[in-house]
Every structure is written in structure tokens, then in C-alpha cells.
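Worksheet: one structure, shown below.
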Amino acid sequence: KKISDVLQKSAPKPGVPADLQNLLTQHFGENRSVIEIEELKLSDSCFLPANDLTHSFSSYLKEICPKWAKLRKSHKEKKSVVMLVICSSALRCLELIKSMTAFKGDCKVLKLFAKHIKIKEQMNMLEKGVFHIGVGTPGRVKALVEQDGLCLNSTKYMILDWNWRDQKLRRMMDIPEV
């Protein structure tokens with residue numbers, strides 16, 4: 001209870017690249033050699049500027065991806081997406097899909113989470129159509145990639161919903177299953 005009280009009173013801070021690097025090191029540190037851990041390090045050029053919490057989701061996407069219309073029109077690959085948004089829960093995915101209407105225009109968005117949607121259905125949808133944005137949970141995205149239902153070769157942007165907190169005030173990185 002005390003942790004949630006502290007979190008409620010503290011102002012949210014935008015995520016930084018070091019947060020992800022620290023999480024990767026913590027997760028893989030015990031099982032990997034020093035060389036393998038060095039290979040996991042991502043340069044700062046791999047990261048887009050974090051949302052400084054002054055932007056809505058649509059305005060943030062417009063800022064980080066100004067050439068979206070061109071990328072969207074040139075994307076013709078099935079079983080892949082140009083932008084992958086990863087959230088901690090299905091409800092958060094739906095919330096972000098609704099909030100990106102000003103950004104997405106006429107592109108197709110695919111829901112990649114387990115709530116009432118079977119993995120086979122999602123794999124069939126990915127095989128039949130061309131989708132531009134995928135919004136999903138880490139578990140479902142991982143399962144789709146492992147079963148060759150989702151190919152990440154043409155993915156240009158991966159956005160982690162890093163700072164959002166659920167009812168228990170946990171961020172995506174605080175949930176052990178993630």
C-alpha cells in the first residue's frame with residue numbers, strides 16, 4: 001500500500017533509453033556472457049525522443065513519424081506492420097487505438113492481444129491483408145512472432161507504452177510476466 005501511495009503522489013516521468021537498457025541487463029544479465037550483454041546494448045540512435053507527456057498519442061506519433069503517409073502508401077507486405085505499439089493490457093491497447101484516429105488516417109490497424117481474439121484468427125488476418133499499425137500486448141506479439149504469424153522485417157517503429165500505469169499503478173516493465 002505504501003508503494004502505491006508514493007506512486008500516486010509522484011509526478012510521472014517520461015521514459016529514457018537507459019530504462020530499457022537497464023531492464024534488458026537485469027533480465028538477461030545472469031544467463032549471458034559479458035560479450036552477449038554488450039551485443040544487447042542499443043545505441044541512442046535506435047531510440048526516438050520519448051513523449052515528454054505534453055503530447056497526446058496522436059500528436060506524439062505525428063512528431064516522431066512525419067513521413068507516415070509515404071511509409072503507409074509504400075507498405076505492401078502481408079504478415080507485417082510498419083508500426084508496432086506494445087501496451088501492458090488489452091484495455092490499454094483499445095484506448096490507444098481510439099486515441100490515434102487523428103494520426104492514422106485511412107491506414108489499417110490490427111489488434112494484437114488475446115482478449116476474445118484467437119491467435120489463429122489474428123494469423124489469418126495478417127496473411128490475408130496488409131496492415132500498417134499493430135497494437136498489442138507483449139505476450140500475444142511474442143506468440144505471433146514465434147509462430148511466424150507476424151514478421152518484423154518491415155517494422156520501422158516500435159513504440160513501448162512505457163509510462164502508463166494500470167489500476168495497481170504498475171508500468172509495463174513492472175509486471176513480471178512481461
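Worth saying up front: this structure is predicted, and the values here are computed from it rather than measured.
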Next on the checklist: Test side chain to side chain contact (heavy atoms under 4.5 Å, CB included) on R92 and M172; report intermediate values, then the result.
Outcome noted: CA-CA 11 Å; R92 178 63 176 166; M172 181 168 49; over 6 Å; no
Item to check | Evaluation steps, side chain to side chain contact (heavy atoms under 4.5 Å, CB included), between T101 and K104 | outcome: CA-CA 5 Å; T101 51; K104 70 177 181 167; 4.1 Å; yes
Next on the checklist: I'd like to know whether S56 forms a side-chain hydrogen bond (donor to acceptor under 3.5 Å, both in side chains) with S58, so could you lay out the CA-CA distance, the side-chain angles of the two residues, the decisive distance to 0.1 Å, and finally the verdict.
Outcome noted: CA-CA 6 Å; S56 69; S58 278; 5.3 Å; no
Checklist entry - Please walk me through it: do S89 and D166 pass side chain to side chain contact (heavy atoms under 4.5 Å, CB included)? => result CA-CA 8 Å; S89 71; D166 64 9; over 6 Å; no
Next on the checklist: Show, in sequence, the C-alpha distance, side-chain angles and deciding distance for K41 and T25, and conclude whether the side chain to side chain contact (heavy atoms under 4.5 Å, CB included) test is met.
Outcome noted: CA-CA 8 Å; K41 293 220 186 290; T25 304; 4.0 Å; yes
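Taking the six-membered ring where tryptophan is involved, the planes of H55 and Y60 are tilted, since the angle between them lies from 30° to 60°.
What you find for K78 and G129 is that their closest heavy atoms are CG-O, 3.7 Å. Minimum heavy-atom separation, C107 to I133: SG-CD1, 3.7 Å. Here the closest heavy-atom approach between residue I117 and residue K111 is recorded as CD1-CB, 4.2 Å. Here the shortest heavy-atom pairing between N31 and E36 reads O-OE1, 4.4 Å. Taking each heavy atom of H75 and F131 in turn, the nearest pair found is NE2-O, 3.1 Å. Smallest separation of non-hydrogen atoms from A90 and T137: N-CG2, 3.7 Å.
The CH2 atom of W164 sits 9.0 Å away from atom CG of L96, with the distance rounded to the nearest 0.5 Å. A distance of 4.5 Å separates CG of L61 from CD1 of I159, quoted to the nearest 0.5 Å. Atom CE of M158 and atom CG of L84 lie 5.0 Å apart (nearest 0.5 Å). Between atom SG of residue C46 and atom CD of residue Q21 there is a gap of 8.5 Å, rounded to the nearest 0.5 Å. C93 contributes atom SG, which lies 8.0 Å from atom CG of D161 (distance to the nearest 0.5 angstrom). With rounding to the nearest 0.5 angstrom, the CG atom of L160 is 9.5 Å from the CG atom of L23.
A salt bridge links R72 with D106: at least one charged nitrogen is closer than 4.0 Å to a carboxylate oxygen.
Contact annotation: the side chain of M100 approaches that of V135 to within less than 4.5 Å [non-hydrogen atoms, C-beta and beyond].
Residue-environment remark: CD (E127) exceeds the threshold of 12 foreign heavy atoms within 6.0 Å.
By the criterion of side-chain heavy atoms lying less than 4.5 angstrom apart, applied directly or through intervening Ile, Leu, Val, Met, Phe, Trp or Tyr residues, L152 is grouped together with I119 in one hydrophobic cluster. Follow the hydrophobic side-chain contacts under 4.5 Å out from L20 and you never reach I37; the two are in separate clusters. The same ILVMFWY cluster, assembled from side-chain heavy atoms under 4.5 Å apart, contains both M125 and V81. Hydrophobic clustering keeps V82 apart from L126 (ILVMFWY residues linked when any side-chain heavy atoms are closer than 4.5 Å, directly or through intermediates). Hydrophobic clustering, with ILVMFWY side chains joined whenever heavy atoms are under 4.5 angstrom apart, keeps W68 apart from V130.
In this structure, Q122 contributes its side chain and F113 its backbone to a donor-acceptor pair below 3.5 Å.
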